[in-house]
Amino acid sequence: MPYAYDDQNIFARILRGEIPNRTVMETPHTLVFHDIRPHAPVHVLVIPKGRYVTFDDFAARASAEELVDFHRTAAAVCESLGVSPGAGGAGYRAIANAGPDSNQEVPHYHLHLLGGRNMGALLPPA
Ligand code: AMP
């Protein structure tokens with residue numbers, strides 16, 4: 001049973017132009033913008049323009065075109081922000097929260113890209 005999509009979520013409103021954002025990159029299927037409460041010197045959010053709630057929802061239902069566009073755009077952003085190890089950057093962390101146990105705040109799929117400093121341990125020990 002997929003998580004129901006809420007058209008009033010804040011990223012849906014950003015996509016409709018109802019709320020401003022600091023856009024980093026935009027394609028027909030994907031938008032990248034700065035996180036409003038950055039956790040690192042580089043903290044951007046990559047979102048599909050389609051109505052997907054989580055990573056697994058997007059991975060299961062998006063078209064091949066959307067999937068390729070999303071990931072190629074994320075790669076281009078990593079390079080343009082200077083964090084891609086393959087392009088001489090010091091690296092980054094990609095995080096996707098999904099559902100209550102992850103404390104997902106915005107129910108529109110988004111990939112956090114964080115970098116510009118050492119990101120430390122993945123999580124505290126269990
Ligand atoms: P998550 O907990 O994975 O759902 O993360 C949601 C992220 O969205 C958080 O890092 C917030 O700081 C960020 N966020 C919430 N509202 C906005 C906004 N209007 N513009 C940019 N980022 C936002």
Side-chain angles (χ1 to χ4, degrees):
M1 166 92 175
Y3 238 13
Y5 187 83
D6 172 10
D7 282 303
Q8 292 311 313
N9 81 73
I10 199 132
F11 294 171
R13 298 187 64 202
I14 284 175
L15 287 168
R16 289 196 296 268
E18 295 168 9
I19 293 177
N21 74 92
R22 288 175 57 218
T23 297
V24 176
M25 198 173 286
E26 182 168 13
T27 73
H29 295 297
T30 307
L31 180 67
V32 186
F33 53 96
H34 290 280
D35 195 293
I36 205 167
R37 293 190 304 270
H39 284 72
V42 171
H43 187 176
V44 300
L45 303 171
V46 187
I47 73 169
K49 291 186 177 177
R51 299 166 78 253
Y52 303 103
V53 184
T54 58
F55 162 75
D56 59 289
D57 183 29
F58 180 63
R61 294 197 303 110
S63 68
E65 195 178 341
E66 289 173 296
L67 290 164
V68 169
D69 185 85
F70 182 90
H71 291 95
R72 292 276 157 76
T73 302
V77 163
C78 288
E79 184 164 353
S80 74
L81 294 177
V83 296
S84 172
Y92 61 92
R93 181 166 292 157
I95 298 174
N97 291 317
D101 272 1
S102 75
N103 298 310
Q104 181 180 9
E105 179 189 323
V106 180
H108 180 114
Y109 172 48
H110 49 283
L111 186 66
H112 297 257
L113 297 177
L114 298 130
R117 65 166 169 82
N118 186 287
M119 297 310 302
L122 177 60
L123 288 171

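Remember, it's 1-based here, ligands and their atoms both numbered in the order they're listed. Please read these numbers as outputs of a predicted model, since none were measured by experiment.
- Put simply, OG1 on Thr27 and CG on Asp69 are 3.0 Å apart, with the number rounded to the nearest 0.5 Å.
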Please give the N or O to N or O pairs under 3.5 Å between ligand 1 and the protein, distances rounded to 0.1 Å.
from, atom 1, to, atom 2, distance (Å)
ligand 1, 2 (O), Glu105, N, 3.2
ligand 1, 3 (O), Asn97, ND2, 2.8
ligand 1, 3 (O), His110, NE2, 2.8
ligand 1, 3 (O), His112, NE2, 2.8
ligand 1, 4 (O), Glu105, N, 2.7
ligand 1, 4 (O), Val106, N, 2.9
ligand 1, 4 (O), His110, NE2, 3.0
ligand 1, 5 (O), His110, NE2, 3.2
ligand 1, 5 (O), His112, NE2, 3.3
ligand 1, 10 (O), Asp35, OD1, 3.2
ligand 1, 10 (O), Asp35, OD2, 2.5
ligand 1, 12 (O), Asp35, OD1, 2.6
ligand 1, 22 (N), Ile36, N, 3.1

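- A centroid separation of 6.0 Å or more is found between the aromatic rings of His110 and His108.
- Considering only residues two or more places apart in sequence or on other chains, Arg117 meets the salt bridge (charged side-chain N to carboxylate O under 4.0 Å, His left out) condition with none of them.
- Partner Tyr109 forms a ring-ring contact (aromatic ring centres under 6.0 Å, His included) with one of Tyr5, Tyr52, Phe58 and no other, that one being Phe58.
- Shown here are the salt bridge (charged side-chain N to carboxylate O under 4.0 Å, His left out) partners of Arg13, two or more places apart in sequence or in another chain: Glu18.
- For Glu26, the salt bridge (charged side-chain N to carboxylate O under 4.0 Å, His left out) criterion is met by Lys49, not counting sequence neighbours.
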